[in-house]
Amino acid sequence: MTEIETTNFIEQIVKEDLEEGKVGGVQTRFPPEPNGYLHIGHVKSMLVNFGTALKFGGKCNLFFDDTNPSKEKTEFVDAIRRDIEWVGYRWAKEVYASDFFDVIYDYAEKLIHMGKAFVCDLSAEEISASRGTLTEPGKESPYRNRTAEENLRLFREMKAGKYPDGSKCLRAKIDMASPNINLRDPVIYRILRATHHRTGDKWCIYPMYDYAHPICDYLQGVTHSLCTLEFEDHRPLYDWVGITLGFSPKPRQIEFARLNITNTVMSKRYLKKLVEQGLVHGWDDPRMPTIAGLRNRGIPPKALLSFCAAAGICKADSVCEQSYLEHFVRDELNASAERAMAVVHPLKMTIVNYEGEEETEFAVNPTLENSPVRKILFGKNLYIEEEDFSLAPPPKYNRLKEGGYVRLKGAYIVRCDEVVKDGEGNVVEVRCTYIPESRSNHDTSGLKVRGTIHWVNADRCVDAVVKNYECLLNDAAYDGQDFDERMNRESEKVIEGVKAEPYLAAAADGTPFQLLRTAYYKKCTEANGKLCLSFIVSMKDSYKKS
RNA sequence: UGGGGUGUCGCCAAGCGGUUAAGGCACCGGAUUUUGAUUCCGGCAUUCGUAAGUUCAAAUCUUGCCACCCCAGCCA
């Protein structure tokens, strides 16, 4: 993994901690809960956690925060591993909260001994009702002052399965009057009979995030626990656990702002719903902002990382424009993607003075200094893009018009001599003559033409099915009720009648390929009003391998 | 109306008492160009939410105000 260039406030803090000798080295953790697939927001978290460790020669673990068995699955664990690897990071250790269930339990008994935790018989509703409000303090539980002995007996009975789900819980004894609601005797253990994806039915009580997380961090030797802004209010509780339990050195929690992109759904809850309701093909549907989905759109991982790094790590809530992401995708693809030609709206072009076939060379990527060269076959019968010919050309139109000249990319300059129309006046064919002296790279014709267009050889090309994912979960109304419906209706379009080079089909192994238009072509499309498919073709990884 | 945060160009974002207030995206010019792309050069905040105050000097310090975000799961 090449280091991504970053500077941010977290690195400054870590640097200071190092310089002041507060920590001897850096240990972080990337802490997803295996309850869904990773999305582009997690790339930012990876950049922060892996990136910070990398920068200071430290280590970053992959930590699965699996304290809620009712939501977690092995499928997600596998997907998360795969996605991190694809992004390019390698973790030091793979750790699970469930690895520590025994220790976490022992610490709970310790809290009870210390008089810092008690078993509460209140129901969830009662606890909620007695928690107070934002402006009023809560009321202490009637069970708050049980003796340590009684609490211990009860807690052990909870563990042994003596009580039904929800009938009791273990609470930290902190301060019901705290202005920080997280400190109002938070629940730290609940009774929950659910099969855990790793520990099976061994446990019927599970620790809560707020209690388990600081312990897991400490046990892993985490020096800096980096998380998102919504956990700021939890930091006092995080610290309470560490201080009460006497952790030394106690990990330091630092929060940063989540990643937001305009018109992009970034909530796992919503993404999950889309998958479960079948509105998308799965978590890896190219319309999804998941890492797997973005991968299937042909977006290179480096683009994601560059984007996150450029967007920056700080504490201010912000929303990046999609065009910002698109820039890094284009930037990366421009340097790395294979090029090929395809015609989306075919218009027949016949070269009347040409017979036979000949190979002509094609710079795969003309912007690269040592662009690989590919050979393509030029012939008499071609297809060009409908939009590249105009009967009534607007001012400054550089492409083909009646009597005009245009260069066929990688081949000859042609002149349009005749336009064939159908009964309704639609152009169905353009008949041209080619200029033999104008052959690509051997041009002695002296002609200067302003336009160059892409084409395919009609006798050699193949029909292709192109899926065009124009809408990446990008509906401004995604919070509204009509989101699901619009999502379903607009996001995926199949473009039919596309003619592509055999090369493309070969690369796609005969499988219908996806030409991914949105981000990568957008700039070009907007600039000249035509869809330019000839340059960047980014196929699904799985297809590309063949 | 409690607590915790955040406010610097249309969008991100550096800046940490003395800088002409970095950089990127977007946008606008101009040059190169075998795709109106790419590449290249140039332009783009006398101003830092706001009002006072401290100071020779403030985006940076103080105070008040305003706006936005987060918190009342036995979710994470």
Side-chain angles (χ1 to χ4, degrees), chain A residues 7-8 12 31-33 35 65-68 70-71 120 122-125 127-129 131-138 165-171 178-184 186-192 205-206 208-210 212-213 227-236 255 257 262 268-269 307 310-328 330-331 334-335 341 362-363 365-368 385 388 396-399 406-411 413 438 440-441 443 449-455 521 523-530 532 534-536:
Chain A
T7 14
N8 58 60
Q12 283 183 29
E33 182 190 11
N35 67 344
D65 213 338
D66 56 352
T67 55
N68 186 355
S70 62
K71 292 185 176 176
C120 184
L122 257 27
S123 70
E125 296 71 40
I127 289 179
S128 179
R131 186 152 19 230
T133 66
L134 294 179
T135 53
E136 304 159 57
D165 288 8
S167 61
K168 281 181 169 44
C169 65
L170 186 71
R171 292 225 255 165
S178 171
N180 182 342
I181 293 175
N182 295 302
L183 262 21
R184 318 238 263 230
V187 172
I188 60 177
Y189 257 99
R190 79 277 223 180
I191 302 173
L192 178 62
I205 57 171
Y206 292 95
M208 303 292 290
Y209 164 86
D210 280 320
H213 205 83
C227 62
T228 43
L229 245 33
E230 68 270 26
F231 291 104
E232 268 180 321
D233 287 343
H234 296 242
R235 183 163 13 104
E255 310 84 9
T262 50
K268 233 194 232 177
R269 195 187 125 259
F307 164 64
I313 311 300
C314 68
K315 295 194 71 159
D317 282 319
S318 58
V319 186
C320 294
E321 289 175 349
Q322 280 194 6
S323 62
Y324 206 8
L325 201 212
E326 289 166 357
H327 166 262
F328 291 97
R330 262 188 258 113
D331 198 45
N334 186 41
M341 293 200 282
F362 193 99
N365 180 348
T367 60
L368 296 180
E385 203 70 66
D388 287 344
K396 295 188 181 175
Y397 185 82
N398 292 335
R399 289 164 281 156
V406 77
R407 160 144 244 133
L408 296 174
K409 173 76 179 172
I413 292 173
S438 66
S440 186
N441 300 322
D443 190 346
V449 294
R450 305 201 67 158
T452 302
I453 64 174
H454 58 279
W455 53 277
Y521 306 108
K523 189 149 190 171
C524 181
T525 301
E526 285 180 351
N528 64 8
K530 69 170 185 170
C532 178
S534 56
F535 276 90
I536 300 173

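Below, chain A is the first sequence line, B the second, and so on; all start at residue 1.
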Novice: So, using side-chain contact (heavy atoms from CB on, under 4.5 Å) as the criterion, who are the partners of A:Pro236 when residues are at least two apart?
Specialist: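 For A:Pro236 the side-chain contact (heavy atoms from CB on, under 4.5 Å) partners, ignoring immediate neighbours, are A:Asn180, A:Leu183.
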Novice: Where does B:G73 fall, syn or anti, if syn means a chi angle no more than 90° from 0?
Specialist: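 With its glycosidic angle within 90° of zero, B:G73 counts as syn.
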Novice: Over how many whole Å does the gap from A:Arg399 atom CZ to B:G36 atom P extend?
Specialist: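 Spelled out: CZ on A:Arg399 to P on B:G36 is 8 Å.
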Novice: Could you list the residues that satisfy side-chain contact (heavy atoms from CB on, under 4.5 Å) with A:Thr133, not counting sequence neighbours?
Specialist: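 A:Thr133: side-chain contact (heavy atoms from CB on, under 4.5 Å) contacts with A:Thr135, A:Glu136.
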Novice: Measuring only the C1' atom in each nucleotide, how far is B:U54 from B:G10? A whole number of Å is fine.
Specialist: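 My reading of the C1' atoms in B:U54 and B:G10 gives 35 Å.
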Novice: Between A:Gln12 and B:G15, is there a contact of a side-chain N or O with OP1 or OP2 at under 4.0 Å?
Specialist: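 So the side chain of A:Gln12 is within the cut-off, an N or O lying under 4.0 Å from OP1 or OP2 of B:G15.
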Novice: Do the two ring centres, one from A:Phe231 and one from A:His234, sit under 6.0 Å apart?
Specialist: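 Centroid distance A:Phe231-A:His234: below 6.0 Å, so yes.
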Novice: Can you list the residues that meet the salt bridge (Lys or Arg N to Asp or Glu O under 4.0 Å) rule with A:Arg171, with sequence neighbours excluded?
Specialist: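 Scan of A:Arg171 (salt bridge (Lys or Arg N to Asp or Glu O under 4.0 Å), adjacent residues dropped) gives none.
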Novice: Taking A:Asn334's backbone N and O only, do any of them form a donor-acceptor pair with A:Arg330's side chain (distance below 3.5 Å, no angle check)?
Specialist: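 No.
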Novice: Roughly how many Å apart are B:U60 and B:G17, using the P atom of each and rounding to a whole number?
Specialist: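 It comes out at 11 Å once rounded to the nearest Å.
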Novice: With P as the reference atom in both, quote the distance from B:C65 to B:G4 in angstrom, rounded to an integer.
Specialist: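 Between the two P atoms, the distance is 15 Å.
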Novice: Could you give the distance separating B:G29 and B:C70 at their P atoms, to the nearest angstrom?
Specialist: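 To the nearest whole Å, 40 Å.
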Novice: According to the Watson-Crick and G-U wobble definitions, with both distances under 3.5 Å, which nucleotide is paired to B:G36?
Specialist: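 Pairing partner: none.
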Novice: In whole angstrom, give me the gap between the C1' atoms of B:A59 and B:C69.
Specialist: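 Each nucleotide's C1' atom is 22 Å from the other's.
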Novice: Tell me: CZ of A:Arg235 to C1' of B:G3, nearest whole Å?
Specialist: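 Computing the A:Arg235:CZ to B:G3:C1' distance gives 13 Å.
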Novice: Measure from NE2 on A:His327 to C1' on B:G23 and round the result to the nearest Å.
Specialist: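 One finds 12 Å between C1' of B:G23 and NE2 of A:His327, rounded.
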Novice: What is the distance from CG of A:Leu229 to P of B:G5, rounded to the nearest Å?
Specialist: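 In whole Å, B:G5 P lies 10 Å from A:Leu229 CG.
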Novice: Treat primed atoms plus P, OP1 and OP2 as sugar-phosphate and everything else as base, then score nucleotides 71-76 of chain B 5' to 3': B for base contact with protein heavy atoms under 4.0 Å, S for sugar-phosphate contact only, - for none.
Specialist: BBSBSB
Novice: Can you check the distance between B:G5 and B:U20, where both ends of the measurement are the C1' atom (answer in whole Å)?
Specialist: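 The answer is 34 Å between these two C1' atoms.
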Novice: Could you let me know what B:A26 is paired to, Watson-Crick or G-U wobble, both distances under 3.5 Å, or none if it's on its own?
Specialist: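 When the pairing criteria are applied, nothing turns out to pair with B:A26, so the answer is none.
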Novice: Going by purine N1 to pyrimidine N3 plus the second Watson-Crick contact, or the G-U wobble pair, all under 3.5 Å, which nucleotide sits opposite B:U55?
Specialist: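 Check on B:U55: unpaired, no WC or wobble geometry under 3.5 Å.
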Novice: Categorize A:Lys268 for me: base, sugar-phosphate, or nothing, with a 4.0 angstrom heavy-atom threshold over every strand shown.
Specialist: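 The residue A:Lys268 makes no contact with any strand.
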Novice: Would you mind telling me which residue lines up with the more 5' stretch of RNA chain B, A:Thr7 or A:Asn441, judged by nearest nucleotide?
Specialist: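 The 5'-side residue here is A:Thr7.
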Novice: Between SG of A:Cys169 and CD1 of A:Ile205, what distance do you get to the nearest 0.5 Å?
Specialist: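 That separation rounds to 11.5 Å.
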Novice: Can you work out whether A:Phe328 or A:Leu408 has the more 5'-proximal nearest nucleotide on RNA chain B?
Specialist: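 In this pair, the answer is A:Phe328.
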Novice: Just to verify, what does A:Asp165 make a salt bridge (Lys or Arg N to Asp or Glu O under 4.0 Å) with, not counting sequence neighbours?
Specialist: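 In terms of salt bridge (Lys or Arg N to Asp or Glu O under 4.0 Å), with neighbours along the sequence ignored, A:Asp165 is linked to A:Arg193.
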Novice: Work out how far the C1' atom of B:A26 is from that of B:U32, and round it to whole angstrom.
Specialist: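 After rounding to an integer number of Å, I get 23 Å for this pair.
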Novice: Is A:Thr262 reaching over with its side chain to a backbone N or O of A:Gln322, donor-acceptor style, under 3.5 angstrom?
Specialist: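 Yes.
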Novice: Checking base pairs now: Watson-Crick or wobble, both atom distances under 3.5 Å. What partners B:U1?
Specialist: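 In the structure as shown, B:U1 has no Watson-Crick or wobble partner.
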Novice: Give A:Gly410 one of three labels, base, sugar-phosphate or nothing, depending on what nucleic acid heavy atoms sit under 4.0 Å from its own.
Specialist: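 Base contact - A:Gly410 has a heavy atom under 4.0 Å of at least one base atom.
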Novice: For A:Asp233, does its backbone N or O pair with a side-chain atom of A:Asn182 as donor and acceptor, under 3.5 Å?
Specialist: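 Yes, A:Asn182 side chain to A:Asp233 backbone: donor-acceptor pair under 3.5 Å.
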Novice: Between the protein and nucleotides 8-13 of chain B, are there any N/O to N/O pairs under 3.5 Å, and if so, what are the atom names and distances?
Specialist:
{"unit_1": "B:G10", "atom_1": "N2", "unit_2": "A:Glu321", "atom_2": "OE1", "d": "3.3"}
{"unit_1": "B:C11", "atom_1": "O4'", "unit_2": "A:Glu321", "atom_2": "OE2", "d": "2.9"}
{"unit_1": "B:C11", "atom_1": "O3'", "unit_2": "A:Val319", "atom_2": "O", "d": "3.2"}
{"unit_1": "B:C11", "atom_1": "O2'", "unit_2": "A:Val319", "atom_2": "O", "d": "3.1"}
{"unit_1": "B:C11", "atom_1": "O2'", "unit_2": "A:Glu321", "atom_2": "N", "d": "3.4"}
{"unit_1": "B:C12", "atom_1": "OP1", "unit_2": "A:Val319", "atom_2": "N", "d": "3.1"}
{"unit_1": "B:C12", "atom_1": "O5'", "unit_2": "A:Val319", "atom_2": "O", "d": "3.2"}
{"unit_1": "B:C12", "atom_1": "O3'", "unit_2": "A:Ser318", "atom_2": "OG", "d": "3.2"}
{"unit_1": "B:C12", "atom_1": "O2'", "unit_2": "A:Ala311", "atom_2": "O", "d": "2.7"}
{"unit_1": "B:A13", "atom_1": "OP1", "unit_2": "A:Ser318", "atom_2": "OG", "d": "3.2"}

Novice: Is the backbone of A:Arg131 close enough, under 3.5 Å, to the side chain of A:Arg184 for a donor and an acceptor to pair up by distance?
Specialist: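 Confirmed, A:Arg184 side chain pairs with A:Arg131 backbone.
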Novice: Distance between the P atoms of B:C44 and B:U6, in whole angstroms?
Specialist: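 Nearest-Å result for B:C44 against B:U6 at atom P: 32 Å.
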Novice: If you apply the rule salt bridge (charged side-chain N to carboxylate O under 4.0 Å, His left out), what do you find for A:Asp66 with A:Lys71, and how did you get there?
Specialist: CA-CA 9 Å; A:Asp66 56 352; A:Lys71 292 185 176 176; over 6 Å; no
Novice: If you go through the side-chain atoms of A:Ser440, does one of them form a donor-acceptor pair with the base of B:U34 closer than 3.5 Å?
Specialist: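 Counting by modelled atom types and ignoring angles, a donor-acceptor contact under 3.5 Å is found here.
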